[in-house]
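In what follows, a structure is listed as structure tokens, so that the remarks can point back to it.
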Amino acid sequence: MRRSKAAKRGASIAAIAALALAASACSSSKSGGSASGSAAKDPASVKGTVTWWDTSDATNEAPNYQPIIKAFEAKYPNIKVNYVNVPFSDAEDKFKTAAQSGSGAPDVLRADVGWTPAFAQLGYLQPLDGTPALADDSDYMAGPYASDHYNGKIYGVPQVTDTLSLLYNKDLLAKAGITTPPKTWDELKTDSLQIKAKTGADGTFLDAASYYLLPFIYGEGGDIIDASAKKITVNDATALKAVGIAQDLVKSGAAVTDVTKDGYNNMQTAFKDGKVAMVVNGPWSTADDLKGSAFGNADNLGVATVPAGSVKAGAPVGGHNLVVYAGSKNLDASYLFIAYLNDAQNQATIAAKNNVLPTRTSAYSDPQVANNKILSAFQGPLKNAVGRPPVAGASDLFTPLDTDYQAILGGQKSPQAALNDAATQFAQILPGFSKS
């Protein structure tokens with residue numbers, strides 16, 4: 001899971017930028033096409049050059065898009081694709097700078113799910129309603145697709161997705177006499193203590209980053225904000241109960257944690273080496289997991305839905321969307337490119353080669369995914385995935401919550417005091433939202 005950098009805000013600048021982009025989008029629609037343009041009526045007649053900023057890993061992932069781009073250009077010989085790989089860590093600020101100035105922005109961007117509502121609010125994105133970019137959109141999973149909706153319009157399509165799941169060492173569970181992974185946090189506590197007693201390995205390692213707190217909060221039926229009511233809920237009774245469950249797992253010895261900057265890497269090492277039986281993590285970790293001594297036999301890696309709280313099981317949706325710049329002069333070509341890049345077969349190909357999860361339901365039936373035990377195992381957890389709040393600035397909330405959640409698990413702050421502090425900082429990030 002990747003998080004965007006904290007955004008600088010300025011109401012007057014945002015307003016000016018939005019007006020400028022609206023004017024730019026109007027003029028570009030005339031020259032580059034629109035929802036009712038030639039992309040829908042006569043795709044073969046569309047001409048232009050689509051500049052695509054791809055934010056995938058330049059070494060291991062990016063090369064796998066090149067055959068798809070060549071096939072697209074063969075199908076649409078009047079359209080050329082200018083492929084640019086932009087480091088993920090730089091892409092958010094780089095796109096915002098280019099869009100605000102009206103110069104240098106790409107036609108299509110691979111955007112983190114958290115960026116989409118913020119860019120849409122600023123007027124930087126072209127609505128895709130009624131365009132070929134949304135071809136077969138009923139095939140998209142509800143959780144990933146939710147991040148593309150903002151203020152009643154659709155501003156992107158979900159390209160790849162992810163969610164947190166319970167990853168477990170099947171051998172360690174079997175040695176402890178456990179035949180199935182835990183389905184609730186209470187069961188996880190019991191199983192973890194049993195694993196520790198019978199094998200010597202730690203039962204569970206909890207990542208202390210706030211993204212990994214969300215399954216506990218969702219499990220109690222809550223969230224960190226209520227977008228529809230414009231209310232901050234990170235410090236309400238539901239969130240407090242959720243934090244208490246995580247805190248109890250650590251205090252009881254059922255789970256270990258690490259609140260240092262090396263916490264994630266230390267969790268990975270312990271899991272890979274067979275020193276801990278269970279972790280909550282995403283598909284991005286599995287390639288690394290399989291390099292560990294505990295998983296020389298890949299079948300030893302189990303994947304299950306995150307344990308449920310008193311209300312349900314739920315984990316956050318991550319991933320990336322394909323969005324179109326509102327000022328693009330190649331709108332029709334951009335719509336066709338997105339539709340082609342994101343069809344079910346190409347999604348399955350990218351999933352298998354890049355070890356990522358498709359967002360189309362039908363892609364999971366493709367042999368490239370269906371025959372991959374790890375990827376196909378995540379389809380179940382995705383059914384319980386919870387979409388991110390469609391609010392500009394929502395992705396910035398993790399930065400303050402990280403600090404306060406770590407202070408709770410590290411024993412430096414009481415849960416209520418830490419969550420109250422997070423709520424205060426949330427209010428600064430989300431003007432107009434009230435605190436509980």
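The analysis underlying the following values was restricted to heavy atoms, covering all of them including side chains, and did not include hydrogens, waters or symmetry mates.
Side chain to side chain, Y145 and D137 meet the donor-acceptor criterion of an N or O pair below 3.5 Å. No side-chain donor from either of D129 and T131 sits under 3.5 Å from a side-chain acceptor of the other. Under the 3.5 Å distance criterion, with hydrogens and angles disregarded, no donor-acceptor pair is assigned to the side chains of T238 and E220. Q368 and D366 share a donor-acceptor pair across their side chains, judged by distance under 3.5 Å alone. Inspection of the K272 and S293 side chains reveals no N or O donor paired with an N or O acceptor under 3.5 Å. Between S147 and R388, the side chains place no donor N or O within less than 3.5 Å of an acceptor N or O (distance only, hydrogens not considered). A side-chain donor from one of Y83 and N85 sits under 3.5 Å from a side-chain acceptor of the other. The closest side-chain donor-acceptor pair between Y212 and N281 falls under 3.5 angstrom. For the 3.5 Å distance criterion, the side chains of T257 and D207 fail to qualify, holding no donor opposite an acceptor. Side-chain contact annotation: N60 with D57, donor-acceptor N/O pair under 3.5 Å present. In the model, D289 has a side-chain atom that pairs as donor or acceptor with a side-chain atom of S285 under 3.5 Å.
Nearest heavy-atom pair, A111 versus V323, reported as atom, atom and distance to 0.1 Å: CB-CG2, 4.1 Å. Taking all atoms of both residues into account, the shortest heavy-atom contact from P389 to D223 is CG-OD2, 4.3 Å. Between Y364 and P358 the shortest heavy-atom distance is OH-O, 2.9 Å. When every heavy atom of G156 is checked against every heavy atom of L134, the shortest pair comes out as O-CD2, 4.1 Å. For V259 against G410, the heavy-atom pair with the smallest separation is CG1-N, 4.0 Å. The nearest pair of heavy atoms linking P106 to Y325 is O-CB, 3.0 Å.
Side chain of N321 to main chain of D112: no donor-acceptor pair is present (N/O by atom type, distance under 3.5 Å, no hydrogens or angles). Side chain of D162 to backbone of P283: no donor-acceptor contact under 3.5 angstrom is found. A donor-acceptor pair under 3.5 Å links the side-chain atoms of N342 to the main chain of P158, judged by distance alone. Between the side chain of D421 and the main chain of A417, no donor-acceptor pair closer than 3.5 Å is present. Remark: the backbone N or O of L249 is paired with a side-chain donor or acceptor of S252 at under 3.5 angstrom. Under the 3.5 Å distance criterion, the side-chain polar atoms of T163 are matched with a main-chain donor or acceptor of P316. Judged purely by atom type and a 3.5 angstrom limit, Q347 has no side-chain atom pairing as donor or acceptor with the backbone of D343. In this structure, the side chain of N169 engages the main chain of L172 through a donor-acceptor pair within 3.5 Å. Checked by atom type and distance alone, the side chain of Q406 never pairs as donor or acceptor with a backbone atom of T260 at under 3.5 Å. The backbone N or O of L301 sits nowhere less than 3.5 Å from a side-chain atom of Y168 that would complete a donor-acceptor pair.
A cation-pi arrangement, defined by a distance under 6.0 Å to the six-membered ring centre and an angle within 45 degrees of its axis, is present between K94 and W53.
Using a 4.5 Å cut-off on side-chain heavy atoms (C-beta onward), F398 and L213 make no contact. Side-chain contact between M278 and I195 is present, with heavy atoms from C-beta onward closer than 4.5 Å. P181 is not listed as a side-chain neighbour of E187, based on a closest heavy-atom distance of 4.5 Å or more. You'll find the side chain of P127 reaches within 4.5 Å of the side chain of Y155, heavy atoms only. Inter-residue side-chain proximity for F216 and L206 is flagged as met; some heavy-atom pair is nearer than 4.5 Å. Between D236 and T233 the shortest side-chain heavy-atom distance falls below 4.5 Å. At a threshold of 4.5 Å between non-hydrogen side-chain atoms, the residues L401 and V234 count as touching. Proximity of T359 to Q159: side-chain heavy atoms (C-beta onward) are nowhere separated by under 4.5 Å.
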| task | Kindly determine whether Q416 and N235 satisfy side-chain hydrogen bond (donor to acceptor under 3.5 Å, both in side chains), including the steps that lead there. | result | CA-CA 7 Å; Q416 190 68 74; N235 60 332; 6.0 Å; no
| task | Run the numbers on Y150 and T116 for side-chain contact (heavy atoms from CB on, under 4.5 Å), then give the verdict. | result | CA-CA 8 Å; Y150 180 75; T116 303; over 6 Å; no
| task | Under the side-chain contact (heavy atoms from CB on, under 4.5 Å) rule, what do F426 and I225 come out as? Steps first, then yes or no, please. | result | CA-CA 9 Å; F426 280 19; I225 63 172; 4.2 Å; yes
| query | Please walk me through it: do K435 and T424 pass side-chain hydrogen bond (donor to acceptor under 3.5 Å, both in side chains)? | reply | CA-CA 8 Å; K435 294 193 294 181; T424 297; 3.3 Å; yes
| field | Verdict with supporting geometry, V256 and V250, side-chain contact (heavy atoms from CB on, under 4.5 Å) | value | CA-CA 6 Å; V256 295; V250 175; over 6 Å; no
| task | Walk me through it: do Q425 and D404 pass the test side-chain contact (heavy atoms from CB on, under 4.5 Å)? | result | CA-CA 11 Å; Q425 295 182 74; D404 289 305; 3.5 Å; yes
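Atom OH of Y335 and atom CG of L322 lie 14.0 Å apart (nearest 0.5 Å). A distance of 11.5 Å separates CG in L125 from OG in S328, rounded to the nearest 0.5 Å. Atom CD1 of I232 is separated from atom CG of N420 by 11.0 Å, given to the nearest 0.5 angstrom. Taking OG of S310 as the start and CG of D186 as the end, the distance is 9.5 Å to the nearest 0.5 Å. Atom-to-atom distance recorded for T161:OG1 and M141:CE is 8.0 Å, nearest 0.5 angstrom. Note that the CH2 atom of W115 and the CZ atom of R110 stand 9.0 Å from one another [nearest 0.5 Å].
Aromatic rings of F95 and F119 (six-membered ring for Trp) have centroids within the 6.0 Å cut-off, being under it. Checked against the 6.0 Å centroid threshold, F295 and F271 count as a close aromatic pair. In summary, the aromatic rings of Y65 and W52 are positioned with their centroids under 6.0 Å apart.
With respect to R360 and D139, a salt bridge is recorded, a charged nitrogen being found less than 4.0 Å from a carboxylate O. Under 4.0 Å is where a charged nitrogen must lie from a carboxylate oxygen, and between K196 and D202 at least one such pair does. The pair D299-K170 does not count as a salt bridge, with every side-chain nitrogen at least 4.0 angstrom from each carboxylate oxygen.
Counting non-hydrogen atoms of neighbouring residues, nucleotides and ligands closer than 6.0 angstrom, the CD atom of Q345 reaches no more than 12 such neighbours. Within 6.0 Å of the NZ atom in K231, the count of heavy atoms belonging to other residues, nucleotides or ligands does not exceed 12.
Note: F88 and H320 have perpendicular aromatic rings, judged against thresholds of 30 and 60 degrees for the angle between ring planes.
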